[in-house]
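Quick notes on the structure that follows.
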Amino acid sequence: MKRLMITTVFAMTAFGAQAQEIGVAMAQFDNNFLTILRQGIEEAGRAEGVTLQFEDAQNDVPRQLSQIQNFISSGVDAIIVVAVDSDAITQMDKMANDAGIPIVNINREPPNVESLGPLEAFVGSREVDAGTIQATEACRLVKEKIGNGEAKGAILAGDLFIQAGRVRTETVQDFVKTPGCDFVKIEDMQVADWSRSKASDLVSNWLTAGLTPDVIFANNDEMAIGAAQALKAAMVDPEDVVVAGIDATPDALMALKAGDIDLTVFQDAAGQGRKGLEVAAAMARGEELAERAVYIPFELVTPENVDDYLAR
């Protein structure tokens with residue numbers, strides 16, 4: 001069985017004679033957004049002087065549960081999780097709680113976020129804000145293109161077992177029923193699992209079947225880029241279709257600057273990683289937290305301000 005692990009040891013700092021050991025269970029390594037998040041954890045780890053052990057679940061829930069058990073057995077001082085599946089968060093939190101080890105979920109919101117226990121914390125962003133910001137700007141752009149007519153919309157959803165996929169999708173579906181966007185009719189919604197290639201295939205299928213959407217709402221940037229690639233391959237004028245992503249990954253910012261996609265929504269992956277590590281290190285030291293759920297705001301990114309995000 002293939003096993004991927006990265007162990008990073010950082011220099012000691014003055015707050016203790018021995019660095020804390022923190023296990024980090026990532027849903028997957030092969031993901032642009034999660035790579036940036038992991039780099040944020042590493043950056044904060046250097047500042048905090050901790051020992052980090054990374055594990056790649058390769059999007060497999062049983063594998064991730066086993067990794068959490070291994071962290072517990074090895075006696076880590078805290079655990080950070082980017083969960084494969086939101087439904088597994090409760091089980092992983094219970095495993096850590098029963099062992100008396102602090103656990104911090106990053107990015108994927110726990111079901112009990114309103115009532116986190118003394119050994120639990122969450123760092124992420126409010127997914128309903130991402131969907132609302134995306135839909136508001138996308139509908140504004142579509143309105144500019146079509147005037148008083150009706151528009152055809154389509155949604156490329158991420159993994160619906162993950163809160164981000166569910167909430168971003170539901171938020172768009174709800175928004176197009178409001179006066180600000182009720183001229184858009186969602187013709188289809190398909191799950192592309194956050195994947196560029198799967199999104200490209202799905203959009204190609206839409207085009208082959210005679211559906212050319214006026215707007216494509218993608219739950220993340222990878223799917224937005226895949227949609228843009230399919231449109232380009234089919235010789236569809238990019239001016240005819242509004243393509244909207246979420247996350248503002250480096251690839252998406254370049255695609256936005258090139259005119260391949262029309263907007264994205266910045267989710268501070270590095271910021272989530274840094275803050276998550278800081279919280280985990282504080283809990284490992286036995287410090288009291290000012291708040292157990294920390295939300296980092298989403299921000300709209302357009303061609304007008306894309307350079308500001310490229311410079312970050």
Side-chain angles (χ1 to χ4, degrees), residues 27 31 33-34 36-37 81-90 104-116 120-143 153-186 189-194 215-224 242-249 252 261-273 275-276 291-302 309:
N31 176 289
F33 178 83
L34 295 184
I36 298 168
L37 191 152
V81 177
V82 180
V84 171
D85 184 333
S86 296
D87 292 339
I89 291 175
T90 301
V104 181
N105 283 280
I106 300 181
N107 188 255
R108 279 85 192 262
E109 188 177 82
N112 66 328
V113 70
E114 299 295 335
S115 57
L116 294 171
E120 300 169 353
F122 167 68
V123 176
S125 301
R126 297 186 190 277
E127 298 298 346
V128 68
D129 294 345
T132 301
I133 292 169
Q134 180 195 62
T136 300
E137 179 64 8
C139 291
R140 186 189 70 80
L141 292 175
V142 173
K143 189 69 171 176
I155 298 174
L156 291 169
D159 184 347
L160 297 179
F161 287 101
I162 292 175
Q163 188 226 20
R166 290 196 304 271
V167 175
R168 292 176 186 183
T169 299
E170 291 168 358
T171 301
V172 171
Q173 290 171 327
D174 290 341
F175 192 83
V176 298
K177 299 173 185 176
T178 67
C181 197
D182 58 5
F183 55 89
V184 174
K185 179 184 178 184
I186 299 299
M189 185 277 287
Q190 294 290 334
V191 174
D193 289 326
W194 314 111
V215 55
I216 297 174
F217 303 93
N219 279 178
N220 78 336
D221 287 333
E222 284 296 289
M223 294 187 292
V242 173
V243 179
I246 295 175
D247 287 336
T249 62
I261 68 174
D262 296 272
L263 68 110
T264 184
V265 183
F266 177 65
Q267 180 176 197
D268 192 353
Q272 288 182 10
K275 186 63 177 178
E291 50 188 351
R292 296 201 169 274
V294 180
Y295 290 95
I296 299 173
F298 283 99
E299 304 168 25
L300 176 64
V301 186
T302 68
Y309 291 87

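In this chain, residues are counted from 1 in sequence order. Keep in mind it's a predicted model, so treat the numbers as computed, not measured.
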Quiz item: When you look at V265 and V301, which way does the side chain to side chain contact (heavy atoms under 4.5 Å, CB included) test go after all the steps?
Solution: CA-CA 5 Å; V265 183; V301 186; over 6 Å; no
Got a donor-acceptor contact below 3.5 angstrom from the [X] side chain to the [Y] backbone?
X: D159; Y: D193; value: no
X: N105; Y: R108; value: no
X: R292; Y: L116; value: no
X: D221; Y: I246; value: yes

Tell me every residue that passes side chain to side chain donor-acceptor pair (under 3.5 Å) with [X], counting only those two or more places apart in sequence or in another chain.
X: S86; value: none
X: D268; value: none
X: T249; value: none
X: D87; value: none

In the structure I gave you, are the side-chain heavy atoms of [X] and [Y] within less than 4.5 Å of one another anywhere?
X: I106; Y: K275; result: no
X: L37; Y: V82; result: yes
X: V81; Y: I89; result: no
X: F122; Y: Y295; result: yes
X: T136; Y: F175; result: yes
X: S125; Y: Q272; result: yes

Self-check item: salt bridge (charged side-chain N to carboxylate O under 4.0 Å, His left out) partners of residues 126-138, not counting sequence neighbours, each pair once
Solution: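 Residue pairs passing salt bridge (charged side-chain N to carboxylate O under 4.0 Å, His left out), neighbours aside: E127-R168, E137-R140.
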Show the nearest heavy-atom pair for residues [X] and [Y], with the distance to one decimal.
X: C139; Y: F183; answer: O-CZ, 3.4 Å
X: T264; Y: L300; answer: O-CD1, 3.8 Å
X: A154; Y: I186; answer: N-CD1, 4.3 Å
X: A269; Y: F33; answer: CB-CE1, 3.3 Å
X: G131; Y: V172; answer: O-CG2, 4.2 Å
X: A224; Y: V243; answer: O-CG1, 3.5 Å

Taking side chain to side chain contact (heavy atoms under 4.5 Å, CB included) as the definition, give me every residue that meets it alongside [X], ordered by chain and number, with sequence neighbours left out.
X: T171; result: V128, T132, V167
X: A138; result: V215, F217, V242, A244, L263
X: L160; result: A157, R166, T169, M189, V191

Self-check item: Contacts of type salt bridge (Lys or Arg N to Asp or Glu O under 4.0 Å), residue E222, not counting sequence neighbours
Solution: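 With neighbours one apart ignored, the set is R196.
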Quiz item: For D85, which residues count as a salt bridge (Lys or Arg N to Asp or Glu O under 4.0 Å) partner, sequence neighbours excluded?
Solution: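 Scan of D85 (salt bridge (Lys or Arg N to Asp or Glu O under 4.0 Å), adjacent residues dropped) gives none.
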Quiz item: Going through the checks in order, is the side chain to side chain donor-acceptor pair (under 3.5 Å) test met by E120 and N112?
Solution: CA-CA 10 Å; E120 300 169 353; N112 66 328; 3.0 Å; yes
Practice problem: Determine which pairs satisfy side-chain hydrogen bond (donor to acceptor under 3.5 Å, both in side chains) with at least one residue from residues 176-185, sequence neighbours left out, and list them in order. | Solution: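 Matches after skipping sequence neighbours: none remain.
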Quiz item: With a 3.5 Å cut-off and no angle check, do the side chains of Q134 and N219 form a donor-acceptor pair?
Solution: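 On atom types as modelled, these side chains do not qualify, holding no pair under 3.5 Å.
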Quiz item: What residues form a ring-ring contact (aromatic ring centres under 6.0 Å, His included) with F266, not counting sequence neighbours?
Solution: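 Testing F266 for ring-ring contact (aromatic ring centres under 6.0 Å, His included), a comparison that skips the adjacent residues, returns Y309.
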Quiz item: Does atom CZ of F161 have more than 12 heavy-atom neighbours from other groups under 6.0 Å away?
Solution: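 Open: at most 12 neighbouring heavy atoms sit under 6.0 Å from CZ of F161.
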